[in-house]
Amino acid sequence: QVQLVESGGGLVQAGGSLELSCAASGRTFRSYAMGWFRQAPGKEREFVAAITWSVGSTYYADSVKGRFTISRDNAKNTVYLQMNKMKPEDTAVYYCASRYYSGSMSTRSNYEYWGQGTQVTVSS
């Protein structure tokens with residue numbers, strides 16, 4: 001079993017920045033990768049970014065490329081999402097997720113464990 005705890009959400013003005021954190025605990029060996037997804041009211045949960053633990057390869061949705069940066073701290077089993085130049089359309093509940101196998105990083109069903117989510121609101 002893996003526990004994922006997100007933190008860092010909040011309210012920010014358009015153009016501002018926020019950093020989300022996701023701390024992983026539970027299983028003794030590391031998963032293959034971690035991802036961030038988001039879900040706005042009335043919309044499907046969508047992929048935002050992902051990173052592999054070993055090499056640190058990163059993947060981004062087109063909508064956040066150049067604005068968001070995903071990183072990890074292997075020693076702390078923690079993944080971060082730095083969000084810059086934020087837009088009102090970035091408003092959503094952000095979830096981190098863990099996966100043990102390779103494959104499409106943007107496919108929600110490829111992730112086995114999920115956090116409880118953290119609200120991010122961007123005001124215009």
Sequence-distant partners of Val93, side chain to side chain contact (heavy atoms under 4.5 Å, CB included), two or more places apart: Tyr95, Gln119
Which residues share a side-chain hydrogen bond (donor to acceptor under 3.5 Å, both in side chains) with Tyr94, sequence neighbours left out: Arg38
From CE (Met83) to OG1 (Thr69), nearest 0.5 Å: 11.0 Å
Non-hydrogen side-chain atoms of Met86 and Val120 separated by less than 4.5 Å: yes
Lys65: partners by side chain to side chain contact (heavy atoms under 4.5 Å, CB included), with sequence neighbours left out: Tyr60, Asp62
For Gln39, all residues meeting side-chain hydrogen bond (donor to acceptor under 3.5 Å, both in side chains), sequence neighbours excluded: Arg45
Val64 reachable from Met105 in the ILVMFWY side-chain graph, under 4.5 Å edges: no
Val2/Tyr100 under side-chain contact (heavy atoms from CB on, under 4.5 Å): CA gap, chis, key distance, verdict: CA-CA 11 Å; Val2 173; Tyr100 282 85; 3.1 Å; yes
Test item: Glu6 side-chain N/O and Gln116 main-chain N/O as donor-acceptor pair under 3.5 Å: yes
Pairing residues for Glu89 by the side-chain hydrogen bond (donor to acceptor under 3.5 Å, both in side chains) criterion, not counting sequence neighbours: none
Pairwise salt bridge (Lys or Arg N to Asp or Glu O under 4.0 Å) hits with a residue in residues 112-123, at least two apart: none
Sequence neighbours excluded, every pair satisfying salt bridge (Lys or Arg N to Asp or Glu O under 4.0 Å) that has a member inside residues 69-88: none
Least distance between heavy atoms, Asn110 atom then Arg99 atom: O-CB, 3.3 Å
Short side-chain to backbone donor-acceptor contact, Thr52 and Ala33, under 3.5 Å: no
Residue pair Ala14 / Ser124: nearest heavy atoms and the distance that separates them: CB-CA, 4.3 Å
Any residue meeting side-chain hydrogen bond (donor to acceptor under 3.5 Å, both in side chains) with Ser17, in chain and number order, not counting sequence neighbours: Asn84
Pair listing, disulfide bond (SG atoms under 2.5 Å apart) test, anchored in residues 39-116, at least two apart: Cys22-Cys96
Pairs flagged by disulfide bond (SG atoms under 2.5 Å apart) wherever residues 44-86 is involved - sequence neighbours left out: none
Check: Val79 and Ser71 side chains under 4.5 Å, non-hydrogen atoms: no
With Ala40 via side chain to side chain contact (heavy atoms under 4.5 Å, CB included) - residues at least two apart: Lys43, Ala92
Minimum-distance pair of heavy atoms, taken over all atoms of Thr91 and Val122: OG1-N, 2.9 Å
Side-chain touch Tyr113/Met34, heavy atoms, less than 4.5 angstrom: no
Same apolar cluster (I L V M F W Y, side chains within < 4.5 Å links), Leu4/Tyr80: no
Any pair counted as ring-ring contact (aromatic ring centres under 6.0 Å, His included), so long as it reaches residues 33-59, sequence neighbours left out: Phe37-Phe47, Phe37-Tyr111, Phe37-Trp114
Residue pair Leu20 / Thr118, side-chain heavy-atom distance below 4.5 Å: yes
Side-chain donor-acceptor contact under 3.5 Å, Ser31 with Ser98: yes
